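The structure appears right after this line, and notes come after that.
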Amino acid sequence: MGPVSDTAEPAESAEPIFQFDSLLQPEVSKCPWPYYKRMRDTNPVLRAGGDGSEVVFIAKHEDIDYVLHNPKLFSSNGDQGQQMAPLIPISFDPPVHSKWRRLLDPFFSPREMAKLEADITLQANELIDRFIDRGECDYADEYAVPLPCSVFLKIMGLPLEDLDAFVNLKDRLLRGTGESFQSQDEVQKQAHEELDARLEALLNERRRQPQDDLLTQLLHSEIDGRPLTQEELVSASNLLFIAGLDTVTDSLTCFYSFLGIHQEHRQRIVDDPEVIPRAIEEMLRYESPVTMVLPRQVTEETELGGCPLHQGDRIIPLLGSANNDERVIDDPEVVDFDRPSFRHYAFGAGVHRCLGSHLARLELRVSLREWHRRIPEYHIPEGTELQWASLLRQVEHLPLVFDRVE
Amino acid sequence: MSRLEIDQERCTGHGRCYSLAPSLFDSDEFGHAVLVPTHEINETDAWTAVQNCPEGAISFEP
């Protein structure tokens, strides 16, 4: 079912060419599919900075599958040129990585996450209560940002009254000045230091006064039969913060900018709420809000798709391209909630599979269910120009109008 | 005799199998997949799990 979505060519060029900083351009973030396709067809392994550059983008599902499943050849060890302290567990390869995941995985298992459903449902409804009578809202500011952020702060044990400050900190951390993604800029470095200081203070507080939260649980955890060092605690919490605070917002704004235009898909969810889990998978595949994973460093001379790779090259798999690769999926440009199956990589693949994927899926499911139960008909006002943030695809302001039916 | 298996070396805990085919799969405390003991394997469910596993960790021989 479902019409072909509006993956129009970008306005300025009929032949979009993927260049080094293309991913930072808002128009590419808004409509990345033609860039991905062109890259798959012409330069699936692209040394995007020209000869001599160490940064290599890869676009085909097959190649990305190979890289993500060969950590010995494509290593996550170290800072990958990002000029920041290695983060637990993402900056480590097996077997060290495996130990960290065995410690962290149980905190984010589906069974643990299921315990949060009632509370997330409550929070979603409280947010909707605030704007439903107005018949319009900024979906990003009033729902997609506060919902996942407050859920996450609660899990971690970070003070909810500091929500705005944490959101601001998260934005500086992830997006910095927005001028480069090769290394951290000053804004990002400063934000990292600020976050580390806040986390250290909170950890010290929890040491004195344990709470029922993840920071306290981490304090009481062991690795190799010993407690975690303060440095390890800060590193792990830092990564959870970076990964947990933004990505569900990205996904929600991607989904609702799609549903706000594609009324048939929206109506399908209203008529058949059972389709929601499949709708989520299909929109995750198509939209791929997280466009790439952190670079993998090549450990020895090798090749990929006939292109030579050198030791030290940093390979960036474009997940959104893999998820829309016509070589492995029929009609990738069609958003079809009834697609029988697809091994999409929206949460990555291999040992670094997104730790928070079960939390994300729960939040997305509850969000879509509660919203469509209470606000079944909504659309983006005509003439709205949406502003897209890049890398982590997000609509910064998403006006929605709706009739009140309750 | 049909055979359904999970390669634990490959499983990284995406959880597609136990979400889509809970009659055949469950999760352990890490969110990794385990088989639910069953006498009769529902073939449709088994194939769904095989086809949706991002790690290719599930094999089925009807």
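Numbers restart at 1 for each chain; the letters A, B, ... are given by sequence-line order, proteins then strands. As the structure is a prediction and not an experimental result, all values here were calculated from the model.
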Check whether the side chains of A:R393 and A:S251 place a donor and an acceptor atom closer than 3.5 Å, and report yes or no.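 No pair is found: no donor N or O on one side chain lies under 3.5 Å from an acceptor on the other.
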Pairing donors with acceptors under 3.5 angstrom, does anything connect the side chains of A:R40 and A:S321?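 Note: A:R40 and A:S321 side chains meet the donor-acceptor criterion.
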Taking side chain to side chain contact (heavy atoms under 4.5 Å, CB included) as the criterion, tell me which of B:V34, B:I58, B:L20 meets it with B:F25.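 Result: among B:V34, B:I58, B:L20, B:I58 is the only option passing the side chain to side chain contact (heavy atoms under 4.5 Å, CB included) with B:F25.
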Would you confirm whether A:S91, through its side chain, and A:P86, through its main-chain N or O, come within 3.5 Å as a donor-acceptor pair?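 Side chain of A:S91 to backbone of A:P86, a donor-acceptor pair under 3.5 Å: no, none is there.
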Looking only at non-hydrogen atoms, find the nearest pair between A:V248 and A:L364 and report the distance.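 Smallest heavy-atom distance, with atoms named: CG1-CD2, 4.1 Å.
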Distance-only donor-acceptor screen, chain A against chain B, under 3.5 angstrom:
residue	atom	partner	partner atom	Å
A:H69	NE2	B:E55	OE1	2.3
A:R111	NH2	B:S27	O	2.2
A:F342	N	B:N52	OD1	3.3
A:R343	NE	B:C53	O	3.3
A:R343	NH2	B:V50	O	3.2
A:G350	N	B:E55	OE1	3.2
A:G350	N	B:E55	OE2	2.8
A:G350	O	B:T12	OG1	3.4
A:R353	NE	B:T12	O	3.0
A:R353	NE	B:G13	O	3.3
A:R353	NH2	B:T12	O	2.9
A:R353	NH2	B:G13	O	3.1
A:H358	NE2	B:G13	O	2.9
A:R361	NH1	B:H14	O	3.4

Contact check, side chains of A:L319 and A:L68, non-hydrogen atoms, under 4.5 Å: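 Result yes, sub-4.5 Å side-chain heavy-atom pair found.
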Quick check on the interface: out of B:G13, B:G31, B:G15, who has the most heavy-atom pairs with chain A under 4.5 Å?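 When all of B:G13, B:G31, B:G15 are compared, B:G13 has the most.
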What pairs with A:A124 under side chain to side chain contact (heavy atoms under 4.5 Å, CB included), at least two apart in sequence or on another chain?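 Listed in chain order: A:Y143, A:L147, A:E370.
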Under 4.5 Å from a heavy atom of chain B, the part of A:P277 involved: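 Neither part, no heavy atoms under 4.5 Å.
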